[in-house]
Trainee: 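There's a structure below that I have some questions on.
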Amino acid sequence: MLADHVIVLDCGRVAQTGTPAEITRRPRTRWVAELAGTNLFTGIATADGHVTLDHGGALVSADHLAPGPVFAVVHPRAIAVHRARPEGSARNTWPGRVTAVEPVGDRFRLQIDADVPVVAEVTAAAVHDIGLTDGAEIWVAIKATEIDVYPA
């Protein structure tokens with residue numbers, strides 16, 4: 001921790017201010033989300049936890065907000081990657097293709113192209129055991145409880 005309050009600039013303009021934890025947990029722009037290392041989506045929420053995303057696709061969240069414009073954040077570690085369609089309780093599943101595999105410390109970040117593109121973070125064992133290479137066809141799974149939705 002280098003600071004207790006952060007100002008994030010984007011092209012010389014203030015994009016967001018707050019504590020490092022606030023900025024990481026609830027980014028307000030795609031630039032801030034990328035700096036924080038998380039996935040940020042924008043869309044319209046319904047009262048039942050569904051979010052229709054601005055750029056196509058949808059998410060189901062456990063958060064039930066008043067209907068209207070929202071941000072939805074998913075940490076890359078909360079994304080499970082499978083080689084076949086997963087079974088289980090995850091409310092958000094879709095097929096995709098790995099477009100990049102990048103080492104980050106003892107883990108790997110996967111860029112995944114899909115109807116809802118995401119960045120996932122997995123272990124080295126998962127990369128090896130599942131065969132996660134550029135071009136691999138995979139399935140993404142995210143539990144509704146792992147999606148943080150808040151007003152835009």
Side-chain angles (χ1 to χ4, degrees), residues 1-82 86 90-124 126-127 130 132 134-136 138-152:
M1 171 92 45
L2 298 176
D4 58 5
H5 192 80
V6 177
I7 299 172
V8 180
L9 300 176
D10 184 6
C11 297
R13 294 187 176 175
V14 175
Q16 189 170 345
T17 64
T19 67
E22 290 167 343
I23 288 172
T24 300
R25 189 172 42 89
R26 291 199 163 180
R28 305 290 297 174
T29 70
R30 188 164 309 283
W31 168 249
V32 174
E34 287 177 14
L35 286 175
T38 193
N39 295 285
L40 177 67
F41 306 99
T42 56
I44 303 296
T46 60
D48 62 359
H50 287 79
V51 178
T52 302
L53 302 177
D54 291 344
H55 301 291
L59 296 172
V60 178
S61 170
D63 295 336
H64 294 235
L65 301 173
V70 294
F71 292 113
V73 172
V74 180
H75 193 282
R77 291 183 185 173
I79 298 172
V81 179
H82 305 268
R91 302 277 300 169
N92 302 281
T93 60
W94 58 85
R97 184 176 48 81
V98 176
T99 59
V101 180
E102 304 163 349
V104 178
D106 64 344
R107 297 176 184 262
F108 284 82
R109 282 197 163 226
L110 308 175
Q111 300 285 337
I112 300 170
D113 185 32
D115 287 344
V116 179
V118 294
V119 174
E121 192 171 305
V122 298
T123 64
V127 169
I130 301 173
L132 299 173
D134 288 358
I138 53 91
W139 280 81
V140 171
I142 306 170
K143 289 186 171 190
T145 55
E146 294 293 339
I147 301 172
D148 183 21
V149 178
Y150 49 98

Trainee: Using a strict cut-off of less than 4.0 Å between a Lys/Arg side-chain nitrogen and an Asp/Glu carboxylate oxygen, indicate whether Glu121 and Arg77 qualify as a salt bridge.
Mentor: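 Yes, Glu121 and Arg77 are salt-bridged.
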Trainee: Side chains of Val101 and Asp134: closer than 4.5 Å at any heavy-atom pair?
Mentor: yes
Trainee: Would you name the heavy atoms of Gly96 and Ala114 that are closest together and state the gap between them?
Mentor: CA-CB, 3.9 Å
Trainee: Compare all side-chain heavy atoms of Asn39 with those of Ile79 and state whether any distance is below 4.5 angstrom.
Mentor: yes
Trainee: Hey, what do you get for OG1 (Thr17) to CG (Leu9), rounding to the nearest 0.5 Å?
Mentor: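 Answer rounded to 0.5 Å: 10.5 Å.
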Trainee: Around Asp115, counting heavy atoms of other residues, nucleotides and ligands shown, do more than 12 lie under 6.0 Å from its CG?
Mentor: no
Trainee: Give a yes or no answer on whether the side chain of Arg28 reaches the backbone of Ala15 with a donor-acceptor pair at less than 3.5 Å.
Mentor: no
Trainee: Under 3.5 Å, which donor-acceptor pairs link side chains of residues 138-149 to any protein atom two or more places apart or in another chain?
Mentor:
residue, atom, partner, partner atom, Å
Asp148, OD1, Arg26, NH2, 3.3
Asp148, OD2, Arg26, NE, 3.3

Trainee: Examine distances only and state if a side-chain atom of His64 and a backbone atom of Ala47 form a donor-acceptor pair shorter than 3.5 Å.
Mentor: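 Between the backbone of Ala47 and the side chain of His64 there is a qualifying donor-acceptor contact (under 3.5 Å).
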Trainee: For Asp113, enumerate each residue passing the salt bridge (charged side-chain N to carboxylate O under 4.0 Å, His left out) test, keeping only those at least two apart in sequence or located in another chain.
Mentor: Arg97
Trainee: Return the minimal non-hydrogen interatomic distance between Asn92 and Ala58, and the atom names on each side.
Mentor: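 Residues Asn92 and Ala58, closest heavy atoms: OD1-O, 4.4 Å.
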Trainee: Check whether any side-chain heavy atom of Ile112 lies under 4.5 Å from a side-chain heavy atom of Pro117, and answer yes or no.
Mentor: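 Contact flag for Ile112/Pro117 side chains = no.
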Trainee: Please say whether more than 12 non-hydrogen atoms of neighbouring residues, nucleotides or ligands are located less than 6.0 Å from CZ in Arg107.
Mentor: yes
Trainee: Could you grab the distance from atom CD of Glu34 to atom CG of Asp10, nearest 0.5 Å is fine?
Mentor: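 Between atom CD of Glu34 and atom CG of Asp10 there are 9.5 Å.
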Trainee: Between Trp94 and Val116 (side chain of the first, backbone of the second, donor and acceptor by atom type, cut-off under 3.5 Å), is there such a pair?
Mentor: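 Side chain of Trp94 to backbone of Val116, a donor-acceptor pair under 3.5 Å: yes, one is there.
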Trainee: Any side-chain heavy atom of Phe41 sitting closer than 4.5 Å to one from Leu59?
Mentor: yes
Trainee: Return the minimal non-hydrogen interatomic distance between Thr93 and Ala90, and the atom names on each side.
Mentor: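 Taking Thr93 first and Ala90 second, the nearest heavy atoms are CG2-O, 4.1 Å.
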Trainee: Could you tell me whether the side chain of Leu132 reaches within less than 4.5 Å of the side chain of Phe108, counting heavy atoms only?
Mentor: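 The answer is no, as the side chains (C-beta and beyond) never meet within the 4.5 Å cut-off.
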Trainee: Just so I know, are the side chains of Thr24 and Thr38 near enough to count as touching, which here means a heavy-atom distance under 4.5 Å?
Mentor: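 Side-chain contact under 4.5 Å: no.
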Trainee: Using 0.5 Å steps for rounding, measure from the OG1 atom of Thr123 to the CG atom of Asp106.
Mentor: 9.0 Å
Trainee: Got a second to check how far Phe71's CZ is from Leu40's CG, nearest 0.5 Å?
Mentor: 6.0 Å
Trainee: What I'd like to find out is whether the side chain of Glu22 reaches to under 4.5 Å of the side chain of Gln16, using heavy atoms alone.
Mentor: no
